[in-house]
Amino acid sequence: MAATQRRGRRIMMTPGELDEFLAEQRTCRVATVSADGRPHVSALWFAWDGTSLWLYSITHSRRWAQLRHDPRLAVVVDDGEEYGELRGVELSGTAVFVGEAPRTGEPCPELDVPEGLFARKNFGVDEMPHDGRHAWLRLTPDSIASWDFRKLSGL
């Protein structure tokens, strides 16, 4: 279970708002840690299943190599242009590698739901195309912090 947000409770998203926000957004920024402790941030598309964030990463990437060495990560998804429109969520925890790597489409029941969500959201198709270069990471967050500055006008 994710840690409860303490600061900014008045502008945090409700669970329903969080689910809706993560379902509609496409791009997240993933922060990993290198062997010498330096952070690395990269952008990825994702899918949210209501419990976990699913990341489809290139297996020959710096991000993938760093997560193999140290699976801790933080992810930010945000939106908005003007100050009063800003909203977002930070999820952190430990990456879990799921399925074959790289993914070629071998049956993996655990990936049925996230692949369907990801394919519809990002490609507009029902079946996930596999290119033999990407594989799945699951982040079931230990902590979630969210904000929605649109709620500031009501305070």
Side-chain angles (χ1 to χ4, degrees), residues 1-3 5 8 12-81 85-149:
M1 182 167 178
Q5 181 174 342
M12 69 186 267
M13 294 181 193
T14 66
E17 291 167 340
L18 181 75
D19 285 342
E20 182 179 333
F21 177 74
L22 291 173
E24 71 186 22
Q25 297 300 313
R26 178 176 284 174
T27 306
C28 66
R29 282 172 287 289
V30 179
T32 57
V33 182
S34 67
D36 67 2
R38 281 184 289 157
H40 174 250
V41 179
S42 57
L44 273 181
W45 282 353
F46 69 92
W48 172 253
D49 68 7
T51 303
S52 297
L53 197 73
W54 293 85
L55 306 165
Y56 199 52
S57 176
I58 292 178
T59 59
H60 292 294
S61 66
R62 183 174 167 188
R63 169 186 48 253
W64 188 269
Q66 288 176 339
L67 288 170
R68 281 287 188 201
H69 175 75
D70 182 344
R72 295 176 299 160
L73 77 159
V75 176
V76 171
V77 181
D78 61 343
D79 187 41
E81 296 295 322
E85 301 170 345
L86 299 177
R87 60 192 178 132
V89 60
E90 177 188 14
L91 308 101
S92 62
T94 304
V96 174
F97 298 84
V98 180
E100 60 187 323
R103 183 90 171 110
T104 60
E106 289 296 318
C108 182
E110 187 176 3
L111 293 175
D112 289 348
V113 169
E115 286 189 342
L117 291 168
F118 193 92
R120 284 186 293 281
K121 178 180 181 180
N122 295 308
F123 303 126
V125 298
D126 289 327
E127 281 194 37
M128 184 72 187
H130 301 288
D131 62 8
R133 298 179 356 175
H134 290 77
W136 287 102
L137 302 164
R138 182 184 68 229
L139 170 63
T140 304
D142 296 330
S143 87
I144 299 174
S146 66
W147 59 94
D148 185 345
F149 283 19

Quiz item: With a 3.5 Å cut-off and no angle check, do the side chains of Trp147 and Glu90 form a donor-acceptor pair?
Solution: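 Result is no, nothing qualifies.
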
Exercise. Taking atom types as modelled, find out whether Thr32 and Arg63 have a side-chain donor-acceptor pair closer than 3.5 angstrom.
Key: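 Note: Thr32 and Arg63 side chains miss the donor-acceptor criterion.
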
So, the side chain of [X] versus the backbone of [Y]: is there a donor-acceptor pair under 3.5 Å, distance only?
X: Glu17; Y: Thr14; value: yes
X: Asp131; Y: His134; value: yes
X: Glu115; Y: Glu127; value: no
X: Glu85; Y: Glu81; value: yes
X: Glu110; Y: Val98; value: no

Which heavy atom of [X] sits nearest a heavy atom of [Y], and at what distance?
X: Gln25; Y: Val77; value: CB-CG1, 3.6 Å
X: Asp142; Y: Gly93; value: OD2-CA, 3.4 Å
X: Phe46; Y: Leu55; value: CB-CD2, 3.8 Å

Measure the spacing between [atom1] of [X] and [atom2] of [Y] and express it to the nearest 0.5 Å.
X: Leu139; Y: Ser92; atom1: CG; atom2: OG; result: 7.5 Å
X: Asn122; Y: Arg120; atom1: CG; atom2: CZ; result: 11.5 Å
X: Leu117; Y: Met128; atom1: CG; atom2: CE; result: 11.0 Å
X: Phe118; Y: Asp49; atom1: CZ; atom2: CG; result: 13.5 Å
X: Thr104; Y: His130; atom1: OG1; atom2: NE2; result: 7.5 Å
X: Asp36; Y: Arg38; atom1: CG; atom2: CZ; result: 4.0 Å

Listed by chain and number, what are the salt bridge (Lys or Arg N to Asp or Glu O under 4.0 Å) partners of [X], not counting sequence neighbours?
X: Asp78; result: Arg29
X: Glu24; result: Arg87
X: Arg68; result: none

Contact check, side chains of [X] and [Y], non-hydrogen atoms, under 4.5 Å:
X: Leu73; Y: Thr94; result: no
X: Leu137; Y: Trp54; result: no
X: Val96; Y: Thr140; result: no
X: Arg138; Y: Ser52; result: yes
X: His40; Y: Ser34; result: no
X: Val89; Y: Ile144; result: yes

Exercise. Before giving the answer on side-chain contact (heavy atoms from CB on, under 4.5 Å), spell out for Trp48 and Phe21 the whole-Å C-alpha distance, their side-chain angles and the decisive distance to 0.1 Å.
Key: CA-CA 10 Å; Trp48 172 253; Phe21 177 74; over 6 Å; no

Quiz item: Parallel under 30°, tilted from 30 to 60°, perpendicular over 60°: which one fits the rings of Tyr56 and Trp136?
Solution: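 The rings of Tyr56 and Trp136 sit tilted, inter-plane angle from 30° to 60°.
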
Exercise. Test Thr27 against Leu44 for side-chain contact (heavy atoms from CB on, under 4.5 Å), laying out the working first.
Key: CA-CA 6 Å; Thr27 306; Leu44 273 181; over 6 Å; no

